[in-house]
Amino acid sequence: MAQYSRISGSVGLITLKSPPVNALSAVVRQGIVDTVEKALSDPKVKSVVICGQNGIFCGGADIKEFAGNMSGPPLVPIIHAIEAANKPMVAAIEGIALGGGLELALGCHYRVAHAKARLGLPEVTLGLLPAAGGSQRLPRLIGVPAALDLITTGRHVTAAEALQLGIVDQVTDHKTVDVAVKLALSVAGKPLDARRISTYLCPPLSALDPLFEEVMQKVRQRARGAIAPIACVQAVRAAAALPYAQGMEREKELMATLFTSGQARALQYSFFAQRAVSKWSTPSGARWDTSTPRPVHKVAVIGLGTMGRGIAVALAQAGLSVVTVEPQEKQLMEAKQAVSGMLERGAKKRGVAPPLNNITYNSNIQAVADVDLVIEAVFEDMALKKKVFQQLSVVCKPGTFLCTNTSALDVDQLASQTRTPELVVGMHFFAPANVMKLLEVVYGPRSSPQALATAMQLGKKIGKVSVAVGNCRGFVGNRMLKPYIEQAFFLLEEGATPELVDRALEEFGFSMGIFKVSDLSGLDVGWRVRKGDGLAEPRATGQSARIREGRRYSPLGDLLCEQGRFGQKTGRGWYQYSKPGGREPSSDPWFHSFLKEYRAKHGLVPRAIDHQEVLERCLYALINEGFRILEDGIAAGPEDIDVIYLFGYGWPSYRGGPMFYAGMVGLPKVLDRLEHYYQAHPDVPYLQPCTLLRRLVASGSPPVHKWREVIKKLHSQL
Ligand SMILES: CCCCCCC/C=C/C(=O)SCCNC(=O)CCNC(=O)[C@H](O)C(C)(C)COP(=O)(O)OP(=O)(O)OC[C@H]1O[C@@H](n2cnc3c(N)ncnc32)[C@H](O)[C@@H]1OP(=O)(O)O
């Protein structure tokens, strides 16, 4: 709703009231219509201020409404009425003015922002464009290049930047509404024609066509298949080329296409999924709203390899006091230099002082005695990690949370090395840890709700999207990756090439195909794991080189590693590079003849494989494992899996994550294709459709937000 009052004698004050972010729901829009009418018809009112309650101007359109039938007065005519008003309208922006919220403010004749406010048009991140006149008013106000930047990226700007760009007229550190009222009093009765942005022409640019061509090319490249950023450019182009009324028609047309698109649905699902994962629960009944985290001020990081360095940087940048431990002096010195460099570069980008003093560097583990929480990030070796946990259990003060950054090992085994297994959880960061947004927080059977809550809260504090997951080999992300990679290897055996597989995955929207990723992260990583599992060497039991434990196995990765082909770092992997450490992959004739020989040796007759088969085999195998993870209770819901894939594994955001994607494809189709491939490859258990998928299809393939009910029923029957 919106509340109306009159203050300072002649100022009408309209307050948007719809917690938590004063989104423009149907009721709020109706409230604005009613209160604006009141203010304009009251002869005592000479000017009007629009603000939001609780220090928040407006978070934009109510995204929840997009999924249903939109009712209530539409936003565009409301904003037109505000702009056309014959009394000055002033927006008092506190907190945020985003999307429709900023568009509402742009309809006002003046804008005052609090110094801490953030403004932006983030519609593109929801698969939309600013369709309440934002795509037409912003370029007219601040020029085409700046508007293109804001509208195609959706980035928020500070009040200071908004002032510099000309989006707001005034920035204040004081009470924004008071300042806005003062402004409203001072402009009452003054002419308004020059304040109506829709009447402006875009500031002229000499070479409009080349500019738009260049921007469109860049945006297409960055969008990798997303349609909203392209539509945003087209809408701004209309603002530059057409009169306002025609521009608005174009904005409406473009929005109509986006609004009903699968991409918009996926991105809006992902918005709510990100929020849903913070409301975690575990099968034992622990929950986010009944578990109290303990405050964490001082954190230790054990091990300063690549991961440890990134973690230390992320912690220090969030203002935490960080104690690092690396027993090897040389490595410690190198790490100190590298970490300082990362902090300095990060600070320069953000225009702040580098938090170098937040970190201490130590070679002795005794240094962690007084920390609140430890993150172990030593080499991925169970024996080594166990030793570290034994030491931590002795050295740390009572009550210290002990966390491991393992990417796959058993958190419970590590907990059992300590006297306080209830304080042990996994905090699985993704490389580079100071950049990647994802954090898997892994609870073991003995982790206390408080330990989980504390790790989740710490994740949030350092800006991560944290997802609580159960303890199993590879947790959620890496466990699902296994069948995906396995299928890619099998496809090579059957006739595909790394180039073909990667192209199919990149056309799907991944920034890199699986073989390029493998070259980047190093083939030796998986090799070490397979060796640890006793898979990498054909056993002396006489089994074929392509079978392990009765299942089909591809030794292709192992064979490349035996040749010293570890990927980018050695200059050779699935592709070749100009030099060790080179980044640009090119097709490698050696690999192609090796593959030919390999197939001949094993009697494999290559066949033509198309992109559809690549996608179905790789993605459906991964999705099937996702269903198993839900079945096992390792992830609480499909949203958890999707968020992990969106933020940690480069899943294209406009496809919503693997589980959402499965729903979009249609669960019956996913089931049918898995059945087909499992029939063709009965020695590949990952292709066997799992019970939950069958159950969901049998229940009429409910939409993804209803899966939890089916999962609950399944669990109660097990
Ligand atoms: C044919 C139709 C034509 C229509 C034309 C209309 C054109 C306009 C389009 C739009 O305006 S699209 C929306 C644009 N706005 C946004 O994208 C903002 C989205 N929200 C955020 O970025 C953040 O939530 C925030 C506002 C910066 C606040 O962040 P914070 O971390 O403080 O809190 P959150 O946990 O994110 O959110 C709290 C709570 O609020 C819900 N929520 C936030 N924004 C909206 C919204 N715009 N609509 C509905 N609900 C919103 C969010 O889901 C959280 O809910 P709970 O999880 O607590 O239930």
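Both counts, for ligands and for their atoms, begin at 1 and track the order of listing. Every heavy atom of this structure was used, including side-chain atoms; hydrogens, water molecules and symmetry mates were not. We're numbering straight along the sequence, starting at 1.
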Residue list, side-chain hydrogen bond (donor to acceptor under 3.5 Å, both in side chains) with His715, at least two apart or on another chain: none
Measure the distance from atom 59 (O) of ligand 1 to every protein heavy atom, then report the residue, atom name and distance (to 0.1 Å) of the closest one. Lys279 NZ, 3.4 Å
Under 4.0 Å from any heavy atom of Glu123, which atoms of ligand 1 are there? 8 (C), 9 (C), 10 (C), 11 (O), 12 (S)
Which of the atoms in ligand 1, numbered in the order shown and given with their element, are less than 4.0 Å from a heavy-atom of Ile96? 26 (C)
Suppose we measure from atom 52 (C) of ligand 1 to each protein heavy atom; which comes out shortest, and what is that distance? Arg275 CD, 4.0 Å
Considering only protein heavy atoms, which is closest to atom 43 (C) of ligand 1, and at what distance to one decimal place? Val21 CG2, 3.7 Å
Residue portion contacting ligand 1 (non-hydrogen atoms closer than 4.0 Å) for Pro122: side chain
Looking at atom 15 (N) of ligand 1, what's its closest protein heavy atom, distance included? Gly59 O, 2.9 Å
Pull out every atom of ligand 1 sitting under 4.0 Å from any heavy atom of Leu126, numbered as shown with elements. 12 (S), 13 (C), 17 (O)
Give the atoms of ligand 1, by number and element, whose distance to some non-hydrogen atom of Phe272 is under 4.0 Å. 53 (O)
Correct closest heavy-atom pair for Pro702 and Val710 would be CG-CG2, 4.1 Å
Interfacing atoms of ligand 1 (cut-off 4.0 Å, heavy-atom, Glu103): 7 (C), 8 (C)
May I ask you to check if Arg275 and Phe271 form a cation-pi contact, with NZ or CZ under 6.0 angstrom from the six-membered ring centre and within 45° of the axis? yes
Is the shortest heavy-atom distance from the side chain of Leu106 to the side chain of Arg111 under 4.5 Å? yes
Output every pair passing side chain to side chain donor-acceptor pair (under 3.5 Å) with a member in residues 115-125, not counting sequence neighbours, ordered by first then second residue. Arg118-His156
Heavy atoms only: which of Gly95, Gly100, Gly127 is nearest to atom 11 (O) of ligand 1? Gly100
In short, His174 meets Thr172 closest at the heavy-atom pair N-OG1, 2.9 Å
Closest to atom 50 (N) of ligand 1 among protein heavy atoms sits Lys64 NZ, 3.9 Å
Any cation-pi pair here, Arg655 with Phe660, using under 6.0 Å and within 45°? no
Looking only at protein heavy atoms, which one is nearest to atom 38 (C) of ligand 1, and how far off is it? Pro20 CG, 4.0 Å
Hey, which atoms in ligand 1 end up nearer than 4.0 Å to a heavy atom of Phe271? 19 (C), 20 (N), 21 (C), 24 (O), 43 (C), 44 (N), 53 (O)
Enumerated ligand 1 atoms positioned under 4.0 Å from heavy atoms of Gly99: 11 (O), 14 (C)
Heavy atoms, side chains only, cut-off 4.5 Å: are Gln234 and Phe212 in contact? no
Measure the shortest side-chain to side-chain distance between Met248 and Glu253 over non-hydrogen atoms and say whether it is less than 4.5 angstrom. no
Quick check: closest heavy atoms across Ile641 and Ala635, and the distance to 0.1 Å? CG1-CB, 3.8 Å
Which heavy atom of the protein is the closest neighbour of atom 3 (C) of ligand 1, given with residue, atom name and distance? Met255 CE, 4.1 Å
Look up atom 30 (P) of ligand 1 and tell me if a protein heavy atom lies less than 4.0 Å from it? no
How about Tyr443 and Phe475: are their ring centres within less than 6.0 Å of each other? no
When you compare the side chain of Tyr110 with that of Arg195, does any pair of heavy atoms fall below 4.5 Å? yes
Test item: Leu138 and Leu121 side chains (from C-beta on) under 4.5 Å apart, heavy atoms: yes
Residue portion contacting ligand 1 (non-hydrogen atoms closer than 4.0 Å) for Leu24: neither
Going by the 4.0 angstrom heavy-atom rule, the piece of Leu128 near ligand 1 is neither
Numbering as shown, the atoms of ligand 1 that approach Asp62 to under 4.0 Å (heavy-atom distance): 48 (N), 49 (C)
Does any N or O atom in Phe66 lie less than 3.5 angstrom from one in ligand 1, N or O only? no
Do ligand 1 and Ala131 have nitrogen or oxygen atoms that lie under 3.5 Å from each other? no
Atom 2 (C) of ligand 1: closest protein heavy atom, distance to 0.1 Å, is Phe259 CE1, 4.0 Å
Leu98 and Cys58, any side-chain heavy atoms less than 4.5 Å apart: no
Verify the contact flag for atom 57 (O) of ligand 1, where contact means a protein heavy atom under 4.0 Å away. yes
